Amino acid sequence: MSGMRTILYRAGVVMVLAGILITLPGKSARAQEAQAMKPDKLLVVWTSADREVANNMVFMYSFNAMKQGWWKEVSLLIWGPSQKLLTQDADLQEYVKRMKDAGVKLLACKACADGYGVSADLQKLGVEVKYTGTTLTEMLKSGWTTITF
């Protein structure tokens with residue numbers, strides 16, 4: 001029995017040491033787990049036809065969130081009345097181009113855009129126009145942090 005106890009003791013020591021060796025170079029297992037769960041993707045859902053909200057909230061935050069590296073990924077979903085506003089406002093269009101250049105992914109709901117008759121105009125601005133119900137659902141279920149305006 002003494003030999004079996006020694007084997008179990010050594011196996012336990014090896015497991016403990018292996019755990020220590022894995023976490024020593026970096027963070028503790030709990031810190032590593034917290035880092036893995038840290039949200040790094042932002043979805044901004046813009047539905048408002050209010051120009052002031054677009055300029056001073058939606059665009060400002062989306063642009064800076066990407067430019068400053070606050071988030072690894074930033075997507076702007078242009079949905080509903082915001083689509084019509086964007087296609088009618090040259091200043092907002094210029095801002096959208098800057099956001100795209102900074103790395104913000106631009107999406108628009110095709111059903112809404114078709115309803116407003118602005119799908120082609122949005123595509124000319126570099127916006128990916130597609131049916132977004134499934135895309136939105138997948139983003140929500142996969143842990144994207146989401147804010148709406």
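These numbers were taken from a predicted model, which means no experiment stands behind them.
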Check your understanding: With sequence neighbours left out, what residues match N56 under side chain to side chain contact (heavy atoms under 4.5 Å, CB included)?
Key -> E52, M60
Nearest heavy-atom pair of [X] and [Y]: which atoms, and what distance?
| X | Y | value |
| --- | --- | --- |
| L43 | M139 | CD1-CE, 3.9 Å |
| V104 | S62 | CG2-O, 3.6 Å |
| W46 | A54 | CZ2-CB, 3.5 Å |
| A113 | Q83 | N-OE1, 2.9 Å |

Check your understanding: Do the side chains of F59 and L77 join up, straight or via other hydrophobic residues, at under 4.5 Å, putting them in one cluster?
Key -> no
For [range], pull every pair meeting side-chain hydrogen bond (donor to acceptor under 3.5 Å, both in side chains), keeping only residues two or more places apart or in separate chains.
| range | value |
| --- | --- |
| residues 113-123 | K110-D114, D114-S119 |
| residues 94-108 | none |
| residues 134-146 | K130-T135 |

Check your understanding: Got a sec, which residues hit salt bridge (Lys or Arg N to Asp or Glu O under 4.0 Å) with R51, two or more places apart in sequence or on another chain?
Key -> D89, D91
Point to revise | Qualifying residues under salt bridge (Lys or Arg N to Asp or Glu O under 4.0 Å), relative to K41, sequence neighbours excluded | key: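 With neighbours one apart ignored, the set is E73.
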Check your understanding: Going by heavy atoms in the side chains, are Y61 and L42 under 4.5 Å from each other?
Key ->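 Side-chain contact under 4.5 Å: yes.
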